[in-house]
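Numbers restart at 1 for each chain; the letters A, B, ... are given by sequence-line order, proteins then strands.
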Amino acid sequence: MNIKIRVLILGAAFACALAPNLAVLVKSELALSRPEVWKFHIAGFDPYDPFRGRYVNFSVPALEQPPDYAVLHELPAGKTLYAVLSSDDSGFAYISDILLSKPDGTESWLTLRSAGFGHIEPHFTRYYASPSRADVLDSELGRSGQESFILMRVYRGTGVITGIGFGPQAVESFMEDEQY
Amino acid sequence: MTESRRRWLLREISVLRSEGLLDPETADRLRARYETPAASAGDSTLMTVFASLGAALIVLGLIVLAAVNWENLARPVRLLLAGIPLVSGYALAFYTLCRREGSAAWREASTIVCMTGFAACAALLSQIYHIPGSAESLALASAVVSLPVLYVLRSQAGTLLYLVVLTVWAVLAQTAGNPTFIYWPLFGALLPRLIHSFRHSPYSMATPFLSWLLILALTCGIGISLEKTVPGLWMLVYACFFAFLSLLSRSTFFGAGGDILKPFAVAGSLGLYVLSFMLTYSWPWHDIGWRHYRPTESGAGIAGMSDYAVLLIFVLLFASLAYRTVRRKDFRFMGDGFLAGVIVLCYVSLSTFDNDGVLIAVHLGMNLAILVAALFRMLWGFRHGSQGDTRLAVALVCVLVSLRFIFVEGFFEHMVVRGLIFIGVGIAFLSANVLLSRRNRKRSPL
């Protein structure tokens, strides 16, 4: 194999290695550029020992067990679906419609996958916290109980978590959106 | 040539000259040729290992340093740091290809940086954007992306790392209940590289590591990737696989023989005997065969077909090597081939006639087959003066006797029987030693 062919192959390999990472970066940055911020209730982590390693593990009930949609029950596991988002009266997000093709309008929607039996595969499960913030977050989790939520910006199917909040009293102290 | 072999050759030249087998002029020419360690293989291998380790540690160290100040960095800076391992790895690879292509140290180090750089970039992006991801998908992506690099840079360290990452992916995927049949195409993609390594660098220090890692990866990969739609198929696959390894060690396919094929001989024989001993018990033979067909564990229909494809490949490989071995009249490992054949026969019989009579025949057959294989090896060892083969054969018989008569219920109560059996086993070992020593003394008057 002569040197030119090897250089070409290496170039193609570099493109293949760079492409998925660039795609993640571009989609996420586009989502972060959106002005609208969505709030989702989170649940399922232990306030006394919420961290595995250096991240908070949680579930988002609104995205994993949405209201009963007939189309969801018919979907096999692993099938891609498009969840259109709306906000309720208290400002928390929920899935207002489930579609099998990309929405045409300007609604905010997330690309998710069916887990079968009317459920959606968990897609947002972690919030990475640095060690110095971990202790503070831990104590706030204990104070706020189950009133916890994540903040997310959404663009054409891609959602990026931008912050985590705990309880109505602690919200202003622990909104970490300034990082984004 | 390695340093130890060079010194051995110089010693042999002196011995052969003193015995009059080599004339002085030829001896002097040979000594002049090999006296200076021109390209000491040991030193260059050490340099390569140090270069690879050094490169990997530098990448990891930079990541750790970045991690200390991570929370204080703005997002654009974090993104830049995330991209550096990937971009610098490939930049190094391009430089190596264009300017340092002849240096193994540069090639190995560049490959390692490329492979670790991709994984580091993906992991850091996941952390920045809070993407959960999974270790399984990261391992698979890292393996696929690094394949062209290790071919272009002809890297052995990269080949080793690829095998490790592929096996780790298979374990993670199986644990998560996902199909693992693509293990085989991914392994197959590495085959030309492996064959090239064995044929062109048979005496490299990395070759034994590569051999053992290859055997380990395949042994794990077979067990993990089988979808088990037809119960018990693993017996056939493993039997053919280990017999193939054993016969491969006698093959001339790689050009060089001797030590570099020893891992295949050891692993093949050992694996086959362990499998055979397992199959002398009842539990593997319950509810096996096509009558007990079941859906794939992962739910992927095509995954079941991969079991048959893997079985067919190993059966064909084993059969072709067995045919060539018989034609060459090289009977050293024919006992291993015989064992594999008996396992196949037992499986087919029990699958076809699933009743107690056949089960008893299978148990007896497996025990007899091990005994026959051991006796065959013992006779071969005596005939060719091979102490290793003879002792192994005696050990096999002793293990068989132990499993059938010692490690059974009620044995420990019968002390007389215990004592007699231990004495018998000890006599067997000592007798084998005495007979071999006598035979070797007869052959070598010195």
Novice: In terms of heavy-atom contacts, does CG of A/Asp89 have more than 12 from other residues, nucleotides or ligands at under 6.0 Å?
Specialist: no

Novice: Of the backbone (N, CA, C, O) and the side chain (C-beta and beyond), which part of B/Leu97 lies under 4.5 Å from a heavy atom of chain A, both, or neither?
Specialist: both

Novice: Who among B/Leu153, B/Leu79, B/Val87 has the most heavy-atom pairs with chain A under 4.5 Å?
Specialist: B/Leu79

Novice: Indicate the atoms forming the closest heavy-atom contact of A/Ala13 with B/Tyr90, along with that distance.
Specialist: O-OH, 3.8 Å

Novice: Can you find a pair of side-chain heavy atoms, one from A/Ile150 and one from B/His130, that are under 4.5 Å apart?
Specialist: no

Novice: If you check every heavy atom in residues 143-152 of chain B against those of chain A, which residues fall under 4.5 Å?
Specialist: B/Val145, B/Pro148, B/Val149, B/Val152

Novice: Return yes when atom CZ of A/Arg156 has more than 12 non-hydrogen atoms of other residues, nucleotides or ligands closer than 6.0 Å, and no otherwise.
Specialist: no

Novice: Determine the option with the most heavy-atom pairs under 4.5 angstrom with chain B, choosing from A/Ile5, A/Leu22, A/Val7.
Specialist: A/Val7

Novice: Looking only at heavy atoms and a cut-off of under 4.5 Å, which of A/Ile9, A/Val24, A/Asn21 has the most pairs with chain B?
Specialist: A/Asn21

Novice: Given that the side chain runs from C-beta out, which part of A/Leu18 has a heavy atom under 4.5 Å from chain B: side chain, backbone, both or neither?
Specialist: both

Novice: Mind checking the OH-CG spacing from B/Tyr129 to A/Leu25? Nearest 0.5 Å is all I need.
Specialist: 4.0 Å

Novice: Determine whether more than 12 heavy atoms belonging to other residues, nucleotides or ligands lie under 6.0 Å from atom CZ of A/Arg6.
Specialist: yes

Novice: If you take all heavy atoms of A/Arg126 and B/Pro132, which pair is closest and at what distance?
Specialist: NH1-O, 3.7 Å

Novice: Report the distance from atom OH of A/Tyr128 to atom CD1 of B/Ile128, rounding to the nearest 0.5 Å.
Specialist: 11.0 Å

Novice: Can you tell me how far the OG atom of B/Ser110 sits from the CG atom of A/Leu10, to the nearest 0.5 Å?
Specialist: 9.5 Å

